[in-house]
Number of protein chains: 4
Amino acid sequence: MRRKSGDKERSIAEAAVKVFARDGYHGAKITDIAEVAGVATGSVYLYFHNKESILHHLFTQLWKGMNGALAELLARNDLGAREKVEELIDTIFGLFAPNPSLALLFVNEQPQLLREGSGEFMHYYIEFLRMGEQVVRQGIAAGEFDASVDARLFTNYVFGAIRQVLHQWARAPRQFPLAAVRKEVRHITLHGLLPR
Amino acid sequence: MRRKSGDKERSIAEAAVKVFARDGYHGAKITDIAEVAGVATGSVYLYFHNKESILHHLFTQLWKGMNGALAELLARNDLGAREKVEELIDTIFGLFAPNPSLALLFVNEQPQLLREGSGEFMHYYIEFLRMGEQVVRQGIAAGEFDASVDARLFTNYVFGAIRQVLHQWARAPRQFPLAAVRKEVRHITLHGLLPR
Amino acid sequence: MRRKSGDKERSIAEAAVKVFARDGYHGAKITDIAEVAGVATGSVYLYFHNKESILHHLFTQLWKGMNGALAELLARNDLGAREKVEELIDTIFGLFAPNPSLALLFVNEQPQLLREGSGEFMHYYIEFLRMGEQVVRQGIAAGEFDASVDARLFTNYVFGAIRQVLHQWARAPRQFPLAAVRKEVRHITLHGLLPR
Amino acid sequence: MRRKSGDKERSIAEAAVKVFARDGYHGAKITDIAEVAGVATGSVYLYFHNKESILHHLFTQLWKGMNGALAELLARNDLGAREKVEELIDTIFGLFAPNPSLALLFVNEQPQLLREGSGEFMHYYIEFLRMGEQVVRQGIAAGEFDASVDARLFTNYVFGAIRQVLHQWARAPRQFPLAAVRKEVRHITLHGLLPR
DNA sequence: GATGAATGAGCCTTCATTCAT
DNA sequence: GATGAATGAAGGCTCATTCAT
């Protein structure tokens with residue numbers, strides 16, 4: 001059985017993750033991506049409109065996934081707000097765990113993409129944050145969370161924290177074992193630095 | 001003859017902050033930096049060896065400042081660990097407050113620079129994190145902080161959180177008034193999400 | 001797909017000979033070479049690493065040819081030393097005859113290249129001179145040549161003489177018809193200025 | 001006593017000889033010449049119109065000297081044609097002997113200058129060759145030289161030969177001691193390669 | 001006159017994108 | 001669809017020249 005053409009698109013996308021992570025978006029050459037993907041340079045343009053659209057495709061995929069996971073979580077009635085937060089942290093880590101390159105890409109290039117402020121992924125990103133805020137608000141309303149916390153700011157705060165920690169892990173997976181990191185993050189997020 | 005003026009170097013550096021923040025390092029053109037600085041293109045090269053060295057200069061300055069502030073804080077005997085943490089957060093915000101562009105530059109380009117893993121600023125950056133850890137450890141030893149916290153991870157966590165929050169502020173200073181943000185960050189960092 | 005054609009490399013090389021001869025190496029613009037070659041600017045870099053390597057390529061080719069011709073000559077048993085010298089002079093002229101631009105390039109740029117003292121062509125150049133000396137020494141040993149002549153110096157002397165004469169010819173082929181020049185050079189080289 | 005301003009012009013010219021010889025005309029930077037001359041960059045332009053004119057000045061001086069020496073020689077009645085040729089060779093070597101850099105400059109840059117075909121020095125250069133031819137013709141007429149020699153070509157031939165030999169000497173004065181070289185050149189020029 | 005900082009035109013080179021095969 | 005050679009726009013950097021001091 002021959003590979004379907006969808007496979008080629010996927011292999012280009014996967015190659016792009018690696019090369020973008022390794023060389024940075026601007027340092028990455030289309031030719032290198034094609035080589036890693038095992039296709040000809042020109043073939044990249046059969047599946048993607050241009051270099052930028054590859055990056056956007058990756059971020060759209062990524063944020064669609066994060067968004068979907070959070071949406072699912074939000075809908076569950078069997079979990080309290082705190083459990084949802086814990087679950088969300090686990091989900092995010094789980095999403096990146098198999099692919100450190102993806103984490104590096106995510107950490108390194110997201111700021112640049114935000115500068116432009118456009119792209120399909122923005123939709124998912126913004127909604128993701130909004131849903132995050134909602135969880136916090138629900139928790140506050142239910143008395144589970146500290147009422148003095150600003151939901152929007154807190155969401156950003158945690159989001160940035162997790163990104164940095166993911167970055168450390170992706171750069172040196174041995175020094176920062178993911179299981180430990182994940183647990184620690186949950187704890188800090190919930191309890192802060194002061195002792196109970 | 002005309003004397004080489006420190007003013008000109010500074011104005012180029014300041015222009016670079018603006019243009020790098022606006023267009024990103026790779027999108028920034030030396031010609032634009034020169035224009036914003038009010039000098040000729042070639043003059044940039046009287047003060048900086050090349051484009052990259054401008055960026056490194058800015059980050060070195062930045063981290064020297066952060067590092068110095070933290071070193072000073074660390075040396076003070078009149079403050080407890082918690083007060084030091086609070087003070088540090090204030091200091092960082094204070095450092096960026098007058099210059100949102102600097103915050104954007106800092107957030108956008110630092111990941112790229114870390115990928116290379118070299119540069120004078122790295123020294124200050126690494127020591128900065130190390131000193132951060134030390135404050136946390138002192139606090140734990142003094143019983144001020146939760147002993148179950150991992151100092152290194154926590155420092156990274158907070159660092160990432162602050163970066164993200166700064167980013168939000170720099171992109172929309174009105175929506176995220178700095179004073180409020182700063183206070184909130186102190187609170188979350190210390191108490192976490194759960195109510196006391 | 002389009003196949004990388006040896007023709008294109010050759011046409012770039014030939015264009016480079018013309019443009020280098022006309023404008024000098026430093027005055028020559030890659031864009032002009034590409035234009036003369038009938039290719040796009042960027043195509044030059046598909047076949048050559050950079051401007052300098054084009055020049056080196058040309059000189060390597062040139063000296064490989066000169067070297068090969070002399071090596072062949074040296075190996076022949078059917079010729080005496082005097083005949084070899086005569087033949088060599090003819091060969092050199094024959095090599096440049098179809099291409100005055102090549103002679104100009106050779107005369108104008110060789111000194112600059114020697115200043116650097118590196119490059120693949122140096123190997124062939126040095127060996128060429130060494131073989132020239134050897135012919136002279138053989139002639140002396142066989143009693144064909146004046147024993148008081150210093151082989152090394154003589155080789156350089158004649159080499160310089162021929163270069164200058166070639167230069168004159170290349171600048172004004174009409175005024176210095178090659179056949180006459182060639183004959184005259186043979187005569188002077190062997191007999192000098194004084195009458196027999 | 002203060003240095004006269006003529007000194008400054010001379011020191012720039014001398015510096016230019018060194019720097020041009022070392023780096024080549026195109027590789028030489030005005031700033032470097034100024035530095036070697038011990039003056040400010042801008043001062044160079046008080047004495048020379050531009051970079052090219054420095055080179056032309058040097059070559060004009062050089063050829064004026066060569067020209068003058070030959071003119072003097074030509075006018076002497078006490079010497080035969082052969083003695084004049086010998087004397088001329090000695091004169092040329094004598095002119096460069098104290099300054100190898102000048103010889104390098106002369107050898108390396110003359111071809112480039114001839115490409116342009118203009119400049120005051122051309123006048124002296126052409127007349128120099130013409131006088132050289134005249135000596136040869138006088139010698140032929142007097143029965144001192146081989147009548148079958150073409151005066152013009154011979155002059156060029158010898159000129160090129162001497163240039164190359166000078167080049168070798170200037171690059172490695174030890175390996176090619178000037179006195180020996182000079183004597184050898186006289187011999188070859190007069191007698192050629194064949195034994196008497 | 002002297003200085004050297006400032007200028008800006010110019011060119012080599014890269015690489016995203018195209019297109020003949 | 002697939003290929004990879006070909007394209008050419010764009011920009012970092014140099015350095016001869018100028019000019020304010």
Side-chain angles (χ1 to χ4, degrees), chain A residues 2 4-5 8-9 25-35 37-54, chain B residues 1-5 7-9 12 26-35 37-54, chain C residues 1-5 7-9 12 26-35 37-54, chain D residues 2 5 8-9 25-35 38-54:
Chain A
R2 303 213 205 110
K4 314 245 177 55
S5 71
K8 203 161 271 191
E9 177 175 342
Y25 173 72
H26 281 100
K29 290 178 249 178
I30 293 289
T31 296
D32 287 347
I33 293 173
E35 195 183 10
V39 302
T41 304
S43 297
V44 172
Y45 289 84
L46 297 172
Y47 296 95
F48 296 95
H49 189 54
N50 54 27
K51 189 180 178 183
E52 199 185 359
S53 78
I54 304 177
Chain B
M1 75 178 161
R2 293 179 254 183
R3 291 241 135 260
K4 219 167 175 177
S5 76
D7 281 1
K8 204 154 277 188
E9 177 173 346
I12 292 169
H26 283 99
K29 286 176 269 180
I30 293 289
T31 298
D32 288 346
I33 293 174
E35 197 180 10
V39 302
T41 304
S43 298
V44 173
Y45 292 88
L46 291 176
Y47 296 94
F48 297 94
H49 189 54
N50 53 27
K51 188 181 177 183
E52 198 185 358
S53 78
I54 304 177
Chain C
M1 76 180 159
R2 292 178 255 183
R3 291 242 136 257
K4 220 169 176 177
S5 76
D7 282 0
K8 204 154 276 186
E9 176 173 347
I12 292 170
H26 282 99
K29 286 176 269 180
I30 293 289
T31 298
D32 287 347
I33 293 174
E35 197 180 11
V39 302
T41 305
S43 298
V44 173
Y45 292 86
L46 290 176
Y47 296 93
F48 298 95
H49 190 52
N50 55 27
K51 189 181 178 183
E52 197 185 1
S53 78
I54 305 177
Chain D
R2 301 215 204 112
S5 70
K8 203 161 270 194
E9 177 174 342
Y25 173 72
H26 281 100
K29 290 178 250 178
I30 294 289
T31 296
D32 286 347
I33 293 174
E35 195 183 10
V39 303
T41 304
S43 299
V44 172
Y45 288 85
L46 296 173
Y47 296 96
F48 297 94
H49 188 54
N50 54 27
K51 188 181 178 182
E52 199 185 359
S53 78
I54 304 176

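Each chain gets a letter, A, B and so on, in the order the sequences are listed, and its residues count up from 1. Heavy atoms only: backbone and side chains are in, while hydrogens, waters and symmetry mates are out.
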Heavy-atom side-chain proximity of Val39(B) to Leu46(B) below 4.5 angstrom
no
Side chain of Thr41(D), heavy atoms from C-beta onward: which of dA16(E), dA6(F), dA5(E) has the nearest atom to it?
dA5(E)
Rounded to whole Å, please give me the gap between OH in Tyr45(D) and P in dC15(F).
13 Å
Rounded distance (Å) that lies between atom P of dT17(F) and atom CD1 of Ile54(D):
9 Å
Length of the line joining Ile30(B):CD1 and dG8(E):P, which is rounded to integer Å:
16 Å
What is the distance from CZ of Phe48(A) to C1' of dA16(E), rounded to the nearest Å?
15 Å
Keeping Lys8(B) on the side-chain end and Tyr47(B) on the backbone end, is there a donor-acceptor pair under 3.5 Å?
no
Where each residue is assigned the nucleotide of DNA chain E containing its nearest heavy atom, which of Lys8(B) and Ala28(C) is assigned the position nearer the 5′ end?
Lys8(B)
Separation of dA16(F) C1' from His49(D) NE2 (nearest whole Å):
12 Å
Would you name the heavy atoms of Ile12(C) and Ala37(C) that are closest together and state the gap between them?
CA-CB, 3.8 Å
If you look at every heavy atom in Asn50(B) and Tyr45(B), which pair is closest and at what distance?
CA-CE2, 3.9 Å
Heavy atoms under 4.0 Å, any strand shown: does Val39(B) hit a base, just sugar-phosphate, or nothing?
sugar-phosphate
Between dA6(F) atom P and Glu35(C) atom CD, what is the distance in whole Å?
18 Å
Please give the nucleotide sitting opposite dA20(E) as a Watson-Crick or G-U wobble pair, both distances under 3.5 Å, or none.
dT3(F)
Which part of the nucleic acid, if any, lies within contact of Ala34(B), taking any heavy atom under 4.0 Å across all strands shown: a base, the sugar-phosphate backbone alone, or nothing?
nothing
Taking every heavy atom of His26(B) against every heavy atom of Lys51(B), the minimum-distance pair comes out as O-NZ, 3.7 Å
Taking for Glu52(C) and for Glu52(A) the nucleotide of DNA chain E with the nearest heavy atom, the one nearer the 5' end belongs to Glu52(C)
Would you say Ser43(D) reaches dA2(E)'s phosphate, i.e. side-chain N/O to OP1/OP2 under 4.0 Å?
no
Remember a base hit wins even if backbone is also touched, and classify Leu46(C) as base, sugar-phosphate or nothing at under 4.0 Å, heavy atoms.
base
Regarding Tyr47(C), tell me which of base, sugar-phosphate or nothing describes its non-hydrogen contacts under 4.0 Å with the strands shown.
sugar-phosphate
In whole Å, what is the span from the NZ atom of Lys29(A) to the P atom of dA5(F)?
15 Å
Whole-Å distance between dC13(F) P and Lys51(C) NZ?
19 Å
